[in-house]
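What follows is a set of notes on a single structure, which appears directly below.
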Amino acid sequence: MLDEYDAPIITTGKISRHFHVMIKPGGSSCNLKCAYCFYLSKAQLPNGPGSGRMSEEILEKFIRQYLEGVTQGEIVFSWQGGEPTLLGLDFFQKAMALQKKYAKPGQQIENDLQTNGTLITTEWCHFLKEHRFLVGLSIDGPREIHDKFRVTASGQPSFEKVFSAAKLLMRHGVPFNTLTCVNSFNAKKPLDVYNFLRRELRATRMQFIPIVEYRNFEKDAPNTWDSARLPLDGTPEARPGHANSIVTPWSVDPDEWGYFLCKTFDAWRSKDLGKVMVNHFETLVAQHLGLPAQLCSYSQYCGKGVALEHDGSLYSCDHYVYPQYCLGNIKNETLSDQVFSRRQLKFAYAKSETLPKYCRVCPYLSDRWGECPKNRLIKTPDGEPGLNYLCRGFKKFFAHAIPSVELIVRRLRQV
């Protein structure tokens, strides 16, 4: 069953529903060509959404359906891509007007924008400030780290423009998260990354995203691969760099992912506890307080976050934008009907129901519930398929961090 955050809630004879949509108004269009990007290839995916720009008709239909469909809690519009700022300010001005037009009395509407920052201007800052956007700024660390993978189509570095965007956002008082993709390169330099984000960007909200991509991710949908060919945990094929590796060369090594989390956790705990929110640490504390997971990857079930493409097609998750996981199109069926369809509920339940026995008896089961299903790329030591590629890294992190987390929890409960 779904947890209380995902499931419809029945109150006073009415059904209240809460779900979240990640909007891709420009599809996979982007002015950068980051080596590890999992979304650029969507434009060439057979029977996929292709490339394009969201029409005013689709935009209006989506906003109306979203505001009608979510009847409990705040409604968050998450504008992503590709690079959403390519659509220009006029597109987003229209979106704000449509939100105002279709908002019901008492609805709390929030907007966030995930951007590579290279197109942010003073005009953008004025707009973002006026409409109370929270910005997610993609930056992988200091110049020599960031420019390793985050480059233009011609291979030119992007750091200078991104760093300038951060300073511009700060100057205009626009709140922003930093989103750092932890990959095969920067995972080895956790304190270089963390200290840069704190000292140079004065970041108080950090997101660390592990880069894990199946070697044929451009065409093969998650969980459709031949399980017999998956490598055993701990073998060379279960790590990046091997000729027959299950993942791309830029994917983070499982042990290095654990190392990165442990080192940044120690820096956060010793200097920034209570001052900085780091996604993996914040959710771990919340979960040990008995609260729901704050990251979908740590939740027991999937399904609450869907992805809307520029053409109106809806997918089970933005990591599952493949024909096999297309729920339909908002031109033909409403958002809420698709989100709460049997097909999507089956997708949601599968995260828990398909866990290997090895995971079900793990002492850290309730801390991450097998993490994201798209990363279940290897076999357990006894040969059962479906183990998360990052398992050994997460175990290293939990063994290191949970004693400190329990101390934090005890102190919080005494306040």
Side-chain angles (χ1 to χ4, degrees), residues 17-31 37-71 74-104 107 109-116 119 124 127-128 131 133 135-136 303-341 343-344 347:
R17 287 176 163 175
H18 188 207
F19 57 93
H20 177 245
V21 182
M22 190 175 291
I23 315 124
K24 309 279 189 172
S28 58
S29 299
C30 191
N31 60 330
C37 183
F38 73 96
Y39 220 79
L40 283 175
S41 58
K42 300 304 177 189
Q44 287 77 46
L45 184 66
N47 300 315
S51 59
R53 175 189 177 96
M54 183 174 284
S55 67
E56 290 186 27
E57 177 190 2
I58 294 294
L59 177 65
E60 183 163 5
K61 193 178 291 287
F62 159 65
I63 290 176
R64 177 176 56 78
Q65 290 185 14
Y66 196 20
L67 292 174
E68 288 176 352
V70 176
T71 59
E74 69 178 10
I75 302 169
V76 180
F77 286 79
S78 295
W79 306 93
Q80 300 210 4
E83 177 49 45
T85 59
L86 285 171
L87 280 81
L89 274 170
D90 284 350
F91 176 89
F92 286 94
Q93 292 283 11
K94 290 172 185 174
M96 297 302 100
L98 289 168
Q99 288 180 6
K100 185 176 180 180
K101 176 180 178 179
Y102 289 109
K104 297 192 289 287
Q107 280 189 315
I109 299 173
E110 303 291 344
N111 286 274
D112 58 61
L113 178 80
Q114 186 63 45
T115 177
N116 61 37
L119 302 177
W124 268 105
F127 169 82
L128 296 166
H131 295 284
F133 269 69
V135 173
K304 69 182 178 184
V306 293
L308 182 77
E309 262 288 347
H310 67 94
D311 61 352
S313 55
L314 193 70
Y315 294 83
S316 292
C317 170
D318 77 316
H319 285 286
Y320 284 76
V321 177
Y322 296 85
Q324 298 93 322
Y325 295 98
C326 183
L327 299 172
N329 195 295
I330 63 170
K331 293 184 288 188
N332 307 316
E333 189 177 6
T334 66
L335 269 172
S336 59
D337 284 348
Q338 293 179 67
V339 171
F340 293 101
S341 65
R343 183 175 182 183
Q344 182 67 353
F347 174 83

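- With ring centers used as reference points, Y102 lies 6.0 Å or more from Y66.
- Taking 4.5 Å as the limit, some side-chain heavy atom of F133 sits within range of a side-chain heavy atom of M96.
- Nearest heavy atoms, A95 versus I63: O-CD1, 3.6 Å.
- Here the closest non-hydrogen pair linking G303 and V339 is O-CG1, 4.4 Å.
- Residues L40 and S28 come closest through the heavy atom pair CD2-O, 3.6 Å.
- Contacts of K94 classified as salt bridge (charged side-chain N to carboxylate O under 4.0 Å, His left out), with partners at least two apart in sequence or in another chain: E56.
- Taking the salt bridge (charged side-chain N to carboxylate O under 4.0 Å, His left out) definition, one finds that E60 meets it with K101, sequence neighbours left out.
- Side chain of D112 to backbone of G136: no donor-acceptor contact under 3.5 angstrom is found.
- Separation of the F92 and W124 ring centroids falls under the 6.0 Å cut-off.
- Distance check: R53 CZ to S29 OG gives 10.0 Å after rounding to the nearest 0.5 Å.
- Q65 contributes no side-chain N or O that, together with a main-chain N or O of S336, makes up a donor-acceptor pair within less than 3.5 Å.
- For the pair V70 and F19, the minimum side-chain heavy-atom distance is below 4.5 Å.
- The aromatic ring centroids of Y322 and Y315 lie 6.0 Å or more from each other.
- R64 places no side-chain N or O within 3.5 Å of a backbone atom of L98 that could act as its donor or acceptor partner.
- The backbone N or O of K304 sits nowhere less than 3.5 Å from a side-chain atom of H18 that would complete a donor-acceptor pair.
- Under 3.5 Å, the side chains of N116 and E83 contain a donor-acceptor pair of N or O atoms.
- Between the Q107 side chain and the K104 main chain, a donor and an acceptor come within less than 3.5 Å of each other.
- Nearest heavy-atom pair across I330 and K61 is O-CD, 3.3 Å.
- Judged by distance alone, the side chain of Q338 and the main-chain N or O of E333 form a donor-acceptor pair under 3.5 Å.
- Proximity of I58 to P25: side-chain heavy atoms (C-beta onward) are nowhere separated by under 4.5 Å.
- C317 and F347 make their closest contact through CB-CZ, 4.3 Å (heavy atoms, listed as atom of the first residue, atom of the second, distance).
- Counting only heavy atoms from C-beta outward, the side chains of I109 and L67 approach each other to under 4.5 Å.
- Using a 4.5 Å cut-off on side-chain heavy atoms (C-beta onward), V306 and Q344 make contact.
- Looking at M54 and I23, their side chains come closer than 4.5 Å, going by heavy atoms from C-beta outward.
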